[in-house]
Amino acid sequence: MLNTVPEKTLHDLEWRRLLDFLARRCSSDLAAEQCHALPFLDDGEARGRLGLIAELAACINDGDPAPSLPARATDNWLDIIRGHGAAPAEALCDIAANLKLYSAIARYLENRRDLCADNADEVIPPDGSISPMGLVRLAAEIESSFEPDGTIADGASPELQQLRQKVVSLRKHLVSQVEKIAEAEDDLLRERTVTMRNDRFVLPVRADAHRRFSGIVHGASGSGATVFIEPEAVVQLGNELMLARENVLREEARILAALSDAVREQLDEVLFASAIIVTLDARIAAAKLTVELGASVPQAAAPGVVDLKQARHPLLLLDGVKVVPASVRLAPGQAMVISGPNAGGKTVVLKTVGLLGLMLKAGLPIPADPDSCMGLAGQVLTDIGDDQSLEHNLSTFSAHLTNIRSILQHADQGTIVCLDELAAGTDPDEGAALAEAILEQLNDNRATTMGTTHFESLKGRAQTTDGFINAAVGFDAATLQPTFELRIGTPGSSSALAVAARFGIPQGVLARAKGILPDRVRELNAAVEALDKERRAIVIERQSLSEQRQQAERESRRHRDEVTRLRAKQDKLIDAEARELWQGIGRAREKVHQAEATIRRRRTDAKVVSAARKTINEVADQLD
């Protein structure tokens, strides 16, 4: 088995184009470089990376993506600090920025341990070897020492503030003195402007008058008409200003050295933080790509096992192409023979399986249903495309054979092999026999193989030979268009004559071609066409049954809803009648109570008693 993926495979499957898409989703050039050099991993490492990416993708799907991590390049300066050197202000600011990014991602992951436990443990090691708070304090110490533009802040040390104030005071006094001299010696000057030469304050003196102006010459104009002279009276002030500036520079250098020492004291942690944010940035980019592709982590399986459901080609998805999913099921020691018309999607199926195999080896989730199973391939080997070489005097057929020889040497159990138009470009009978023998040898090697073909004899053999599986990409005979749908279990017709008709080849030519076709080819094409018609009829029938079932379910739901509505209405009416009845009973009781009270108060009044009894009888009639 080869230890690395061959360049031929990377080229055939356009691996680097996928890495380009991945790199574009990074926040930093450092992470993009890491993506472009994404390594292929062993099973344990790949599964670990798949889990880490899946955690971050879950956060994106949950509407809470990880923060961006635009890391800055600091490795060279950290090496200088390790060697007891001092880093410049810009480098220290970059180090502090990286530490702040580390703090942000550490805090984010710690707050989301329910979804990101593995990522959190990697960024904040449980053994306590990394102190996020210590790094936060270091970042704050560095950041407080600089202005937003990267210059050292006055407050970086009390001494620096005092020294800078002294420089400002001396400079102001010096300029004032030079201006006074300029006013007094105006007749000797070219103009009354104070300028700088060699970091000293000078006046522009006319060349014909410079001997009458006392001071130190610091140069002349290009024409020689002006001489720049530092007045003698301010030389000492200029010296003091120079010394004050030197003191400022020494204090700034001391501050940078002290901050570099602070970084050195936590150097291992700083190195870890700087590296992990780049790693996390690349991982977050992979999570973004995972979500865009609708990708997932397939269930684990033995090397070479392929059980993909609704697999989609990732590059086509990223290019915005409408992709027809394919489901493929293969085991080591099996070869799938895919047939069908040109431009019908045969090669796309090969590239899909091969590219998904590479993605898993690199620890990237794949665009297939999550209940898919796929073992990590020991190797992915391909022979796709035209490798004709004028430089090496190889024909297309010879180039394919050279590549297939290498595949036969290295393919073993756990290897996924993708072969496009196997043994094409030579005599059809000999090519078909060679193709069958190659596939048989790969089966003997326990490789997992997929190949496309137009050889009718190979399709027939695949239908009856153990270890071979026929598959076909669909072709709609009614529209003369490919459907790009992969069908397992039956061969496909190349449909060359139907395709030719679509492209306007005269009917007379097509009729003559049909007459020339061998009987076995016509019989196979007829059988495939019959199978296609039967399959389409079954699909139509299933669709009809599905529509009928859905209609029945809709009617059933409508009846249930109507019954529920009527029951609710009935219950509402009953409730209203009951309330009215109880209200009537209440009113009747009140009348009875009033009548009884009247009888008790006025027993001797016959008229009153008679009226009360009448009321009681009326109430009794109402309640009956």
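Among D281, D94, D29, the one residue that satisfies the salt bridge (charged side-chain N to carboxylate O under 4.0 Å, His left out) test with R72 is D94.
Under the 3.5 Å distance criterion, the side-chain polar atoms of R113 are left unmatched by any main-chain donor or acceptor of N111. With D149 contributing its side chain and T151 its backbone, the two residues share a donor-acceptor pair below 3.5 Å. Checked by atom type and distance alone, the side chain of H410 pairs as donor or acceptor with a backbone atom of S406 at under 3.5 Å. Formation of a donor-acceptor pair under 3.5 Å by the S157 side chain with backbone atoms of L160 is found in this model. Judged by distance alone, with hydrogens and angles left aside, the side-chain atoms of S129 form no donor-acceptor pair with the main-chain N or O of P125 at under 3.5 Å. A donor-acceptor pair is defined here as one N or O able to donate and one able to accept, closer than 3.5 Å; no such pair exists between the side chain of S103 and the backbone of L99. Side-chain atoms of S260 come within 3.5 Å of backbone atoms of L256 as a donor-acceptor pair (strictly under, hydrogens ignored). Within the 3.5 Å criterion, the main-chain N or O of V235 finds a donor-acceptor partner in the side chain of R200. Checked by atom type and distance alone, the side chain of D42 pairs as donor or acceptor with a backbone atom of E45 at under 3.5 Å. Not a single donor-acceptor pair under 3.5 Å links the side chain of E230 to the backbone N or O of V217.
Taking 4.5 Å as the limit, every side-chain heavy atom of M196 sits out of range of all side-chain heavy atoms of V202. For the pair K346/L350, no side-chain contact is recorded, criterion being any heavy-atom separation below 4.5 Å from C-beta on. Side-chain contact check for C59 versus Y108: some heavy-atom pair is nearer than 4.5 Å. Looking at L38 and Q34, their side chains never come closer than 4.5 Å, going by heavy atoms from C-beta outward. Side-chain atoms of R112 and R107, non-hydrogen and from C-beta on, never get closer than 4.5 Å to each other. When side chains are defined from C-beta on, R47 counts as touching V297, because their heavy atoms get closer than 4.5 Å. Using a 4.5 Å cut-off on side-chain heavy atoms (C-beta onward), F228 and L203 make no contact. A heavy-atom distance below 4.5 Å is not found between the side chains of S28 and L69.
Taking CG from N247 and CD from E159, the interatomic distance works out to 11.5 Å, rounded to the nearest 0.5 Å. Atom-to-atom distance recorded for E269:CD and I276:CD1 is 13.5 Å, nearest 0.5 angstrom. Taking CG of L241 as the reference point, atom CD of E246 lies at 10.5 Å (rounded to 0.5 Å). With rounding to the nearest 0.5 Å, the separation of CG in N403 from OG in S398 is 12.5 Å. Distance check, rounded to the nearest 0.5 Å: OG1 of T382 to CH2 of W15 gives 13.0 Å. Note that CG of L19 is 12.0 Å distant from CD of E14, once rounded to the nearest 0.5 Å.
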Q.
salt bridge (charged side-chain N to carboxylate O under 4.0 Å, His left out) for R206 and D187? Distances and angles first, verdict last.
A. CA-CA 9 Å; R206 298 197 322 271; D187 59 325; over 6 Å; no
**Request:** Before giving the answer on side chain to side chain contact (heavy atoms under 4.5 Å, CB included), spell out for V167 and S169 the whole-Å C-alpha distance, their side-chain angles and the decisive distance to 0.1 Å.
**Result:** CA-CA 5 Å; V167 167; S169 178; over 6 Å; no
Full working for salt bridge (charged side-chain N to carboxylate O under 4.0 Å, His left out) between E183 and K180: CA-CA 5 Å; E183 186 177 355; K180 288 180 180 179; over 6 Å; no
Q: Mind running salt bridge (charged side-chain N to carboxylate O under 4.0 Å, His left out) on R25 and E292 for me, showing each step along the way?
A: CA-CA 11 Å; R25 283 147 183 81; E292 289 180 46; 2.7 Å; yes
Check your understanding: Under the side chain to side chain contact (heavy atoms under 4.5 Å, CB included) criterion, do L78 and L267 qualify, and how do the steps go?
Key -> CA-CA 8 Å; L78 291 174; L267 186 59; 3.9 Å; yes
* Pair I384-T347, side chain to side chain contact (heavy atoms under 4.5 Å, CB included): steps then yes or no -> CA-CA 8 Å; I384 301 172; T347 305; 3.9 Å; yes
Check: Going through the checks in order, is the side chain to side chain contact (heavy atoms under 4.5 Å, CB included) test met by L259 and F146?
Finding: CA-CA 11 Å; L259 292 173; F146 296 95; 3.7 Å; yes
### Message
Test salt bridge (charged side-chain N to carboxylate O under 4.0 Å, His left out) on R283 and E55; report intermediate values, then the result.
### Response
CA-CA 10 Å; R283 193 177 296 161; E55 286 185 351; over 6 Å; no
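Contact detail for L315 and L13: the closest heavy-atom pair is CD1-O, 4.1 Å. For V353 against M450, the heavy-atom pair with the smallest separation is CG2-SD, 3.5 Å. The two residues A282 and A31 make their nearest non-hydrogen contact at N-CB, 3.8 Å. Heavy-atom minimum distance, L360 versus L376: O-CD1, 3.2 Å. Contact record, Y102 with V123: OH-O, 2.7 Å, taken as the closest heavy-atom pair. The two residues K361 and G378 have their closest heavy-atom pair at NZ-O, 3.4 Å.
Between R245 and E240 no salt bridge is recorded (no basic side-chain N to carboxylate O distance below 4.0 Å). Using a 4.0 Å cut-off between a side-chain N of Lys or Arg and a carboxylate O of Asp or Glu, R17 and D20 do not qualify as a salt bridge. Ionic pairing of R192 and E179 is not present here: no N-O contact between side-chain nitrogen and carboxylate oxygen is shorter than 4.0 angstrom.
Around atom CD of E90, no more than 12 heavy atoms belonging to other residues, nucleotides or ligands sit under 6.0 Å away. In R190, the CZ atom is crowded: over 12 heavy atoms of neighbouring residues, nucleotides or ligands sit closer than 6.0 Å.
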